[in-house]
Amino acid sequence: MQQDNNIILSYSYTNTVRGIAALIIIISHLLIHWNISRIFNLPASVAVSAFLFLSGYGINESYKKHGLKKFWIKKINKIIIPFYLYYTVLTLLRNNYDTNTFIHEITFTKNEFWYIAFLIRSYLFYWISRKIFPQHTLIILTLFGIISLNIFEHIEAEQSFCFLLGVITSEKKGIIEQSPQNIKYYLIGGIIIGITFLLLKEIPTIHQYKGTLLYNYILVMIKFPLAIVIILMPYYFNILINNKFIHICGIASLELYLVHLPISFNTDMTIGSITLFIIKTTIFTYIFYHINQIIKTCTTISK
């Protein structure tokens, strides 16, 4: 078990969780593409929940230190410009340009890369709440979660409250640090709630409601509770924090997420194909990450 309790949710800790989540998503996407079992949709979506939680936690920690100073400059440099660059290159390589699709993607209104759009919307609501209603941020984010749960398709609806829970955790960070003995109860509670609703949705009578609001309400009770397992992995397995490979995956998690998707679609279950997938993903992630670092450096210097 993690002995230095003060390290929980530090930068190195959260970066480790990002690395673990990124690897889970990549492996799950390959298994989903190979049609092995629909059960592998679960770890991928649970890992996304962990990402959104960390995003909410991280942005609120930044707010406590710097307020909204350079809020959008940071998001444009770290997320929006890299995504625009990636999607432009991907569109050119696919040779299937469509103006309407392209506009939807870059305005985050109807997206193939729904996670990026969901993240940007979450940041937007956070910024609005802190800018205009700073005393009611949690209420506004809760309303955003309720709206998301009721209007989006299940893949987004099931993530409705993860960002909010990250913000709440940041607000209550002191309580968590002062009561490390309670962490095991968060883990146990998450597992019990997640598995209970997971089993519930598999009941034929319930499963027939797939695609409805009722089904979304059940899904939202599965994904984040189980994501607690991923979030607490480094706490119980300290060796993960010192793993350089996981550390690198955490630093380049955005690039990994974007790069691996189109490559995985052309990967089959042969050793050669999997090896080629690893090589391509590693090379293109490395190149993409360093291009993004150059862009950040240039935009910082220009200011």
Side-chain angles (χ1 to χ4, degrees), residues 1-22 24 42-43 45-67 119 122-123 125-126 129-130 133-146 149 158-198 219-243 246-247 250 253:
M1 181 182 292
Q2 175 64 43
Q3 297 299 317
D4 183 4
N5 293 316
N6 290 325
I7 200 172
I8 191 167
L9 295 178
S10 65
Y11 171 77
S12 59
Y13 185 100
T14 55
N15 187 67
T16 300
V17 177
R18 286 190 183 89
I20 295 170
I24 290 173
L42 179 63
S45 56
V46 168
V48 169
S49 295
F51 268 121
L52 288 170
F53 169 85
L54 293 178
S55 297
Y57 173 83
I59 198 63
N60 202 64
E61 286 295 291
S62 177
Y63 176 80
K64 290 192 291 187
K65 296 176 182 177
H66 310 293
L119 186 60
S122 298
Y123 284 137
F125 271 81
Y126 182 87
S129 65
R130 287 300 192 190
F133 309 104
Q135 303 302 317
H136 305 289
T137 297
L138 296 183
I139 294 175
I140 292 173
L141 290 178
T142 300
L143 291 174
F144 170 64
I146 293 172
L149 179 61
E158 64 189 13
Q159 308 291 352
S160 295
F161 299 104
C162 298
F163 187 91
L164 165 66
L165 291 169
V167 175
I168 292 174
T169 300
S170 171
E171 291 292 315
K172 305 298 181 181
K173 182 179 180 181
I175 296 175
I176 297 173
E177 291 180 338
Q178 292 170 15
S179 305
Q181 69 276 8
N182 292 331
I183 290 177
K184 61 178 176 291
Y185 298 119
Y186 303 146
L187 177 63
I188 294 170
I191 292 173
I192 291 174
I193 293 171
I195 291 180
T196 297
F197 280 88
L198 178 62
L219 292 177
V220 82
M221 296 300 295
I222 298 173
K223 303 310 164 67
F224 181 75
L226 293 182
I228 295 174
V229 176
I230 297 175
I231 295 167
L232 291 180
M233 272 186 181
Y235 182 81
Y236 286 97
F237 301 98
N238 188 25
I239 191 173
L240 295 172
I241 296 179
N242 301 316
N243 187 290
I246 294 176
H247 177 72
S253 57

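Note: hydrogens, waters and symmetry copies are ignored here, and every other heavy atom, side chains too, is used. The first residue of the sequence shown is numbered 1, and numbering continues consecutively from there.
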>> So which atom in Thr142 and which in Leu164 form the shortest heavy-atom distance, rounded to 0.1 Å?
In response: OG1-CD2, 3.5 Å
> How many angstroms lie between atom CZ of Phe237 and atom CG of Asn243, to the nearest 0.5 angstrom?
Replying inline: 13.5 Å
>> Pair Glu158, Met221 - check side chain to side chain contact (heavy atoms under 4.5 Å, CB included), show working.
In response: CA-CA 8 Å; Glu158 64 189 13; Met221 296 300 295; over 6 Å; no
> How are the rings of Tyr63 and Tyr126 set relative to one another: parallel (under 30°), tilted (30 to 60°) or perpendicular (over 60°)?
Replying inline: perpendicular
> Under the 3.5 angstrom rule, does the side chain of Thr196 hit a backbone N or O of Ile192 as a donor-acceptor pair?
Replying inline: yes
> Has the side chain of Asn60 got a donor or acceptor atom that lies under 3.5 Å from a matching backbone atom of Ser170?
Replying inline: no
> In Å, rounded to the nearest 0.5 Å, how long is the span from CD1 of Ile241 to CD1 of Ile8?
Replying inline: 9.0 Å
>> Is there a side chain to side chain contact (heavy atoms under 4.5 Å, CB included) between Ile191 and Leu187? Walk through the geometry before answering.
In response: CA-CA 6 Å; Ile191 292 173; Leu187 177 63; 4.0 Å; yes
> Which residues pass the ring-ring contact (aromatic ring centres under 6.0 Å, His included) test with Tyr57, sequence neighbours left out?
Replying inline: none
> What is the distance from atom CD1 of Ile176 to atom OG1 of Thr169, rounded to the nearest 0.5 Å?
Replying inline: 5.0 Å
> Should Ile139 and Phe133 count as side-chain neighbours, where that means a heavy-atom distance under 4.5 Å?
Replying inline: no
>> Can you give me the closest heavy-atom contact between Pro225 and Gly194, atom names plus distance?
In response: CB-N, 3.8 Å
> Quick check: does any side chain N or O of Asn182 sit under 3.5 Å from a backbone N or O of Tyr185, one acting as donor and the other as acceptor?
Replying inline: no
> Looking only at atom types and distance, does a side-chain atom of Gln159 sit under 3.5 Å from a main-chain N or O of Ser45, one as donor and one as acceptor?
Replying inline: yes
> Checking Ser253 side chain against Gly250 main chain: does a donor-acceptor pair fall under 3.5 Å?
Replying inline: yes
>> Nearest 0.5 Å, please: how far is CG in Leu165 from CG in Leu138?
In response: 10.0 Å
> Any idea which heavy atoms bring Ile231 and Tyr13 closest together, and the distance?
Replying inline: O-OH, 2.6 Å
> Which heavy atom in Leu226 sits nearest to a heavy atom in Ile195, and how many Å separate them?
Replying inline: CD2-N, 4.2 Å
> Could you walk me through whether Val17 and Met233 pass the side chain to side chain contact (heavy atoms under 4.5 Å, CB included) check?
Replying inline: CA-CA 8 Å; Val17 177; Met233 272 186 181; over 6 Å; no
>> Does atom CD (Gln135) have a neighbourhood of more than 12 heavy atoms from anything else shown, all under 6.0 Å?
In response: no
> Quick one: does Tyr235's side chain have a donor or acceptor within less than 3.5 Å of a partner on Lys184's backbone?
Replying inline: no
>> Whether Lys64 and Glu171 form a salt bridge (side-chain N of Lys/Arg under 4.0 Å from carboxylate O of Asp/Glu) is what I want to check.
In response: no
>> Could you report the tightest heavy-atom contact between Gly190 and Ile228, atom names first, then the distance?
In response: CA-CD1, 4.0 Å
> Could you walk me through whether Val46 and Ile230 pass the side chain to side chain contact (heavy atoms under 4.5 Å, CB included) check?
Replying inline: CA-CA 8 Å; Val46 168; Ile230 297 175; 3.7 Å; yes
>> For the CG atom of Leu149 and the OG atom of Ser160, what is their distance to the nearest 0.5 Å?
In response: 4.5 Å
>> Rounded at 0.5 Å granularity, tell me how far CD in Glu177 sits from OG in Ser10.
In response: 9.5 Å
> Cation-pi between Arg18 and Phe51: NZ/CZ under 6.0 Å from ring centre and within 45° of the ring axis?
Replying inline: no
> Taking all atoms of both residues into account, what is the closest heavy-atom pair of Leu141 and Ser122, and its distance?
Replying inline: CD2-O, 4.4 Å
>> For Phe163 and Phe144, I'd like to know if the aromatic rings sit close, meaning centre-to-centre distance below 6.0 Å.
In response: no
> Quick one: are Lys223 and Leu42 in side-chain contact, heavy atoms under 4.5 Å?
Replying inline: yes
>> Is the shortest side-chain heavy-atom distance between Leu219 and Phe197 below 4.5 Å?
In response: no
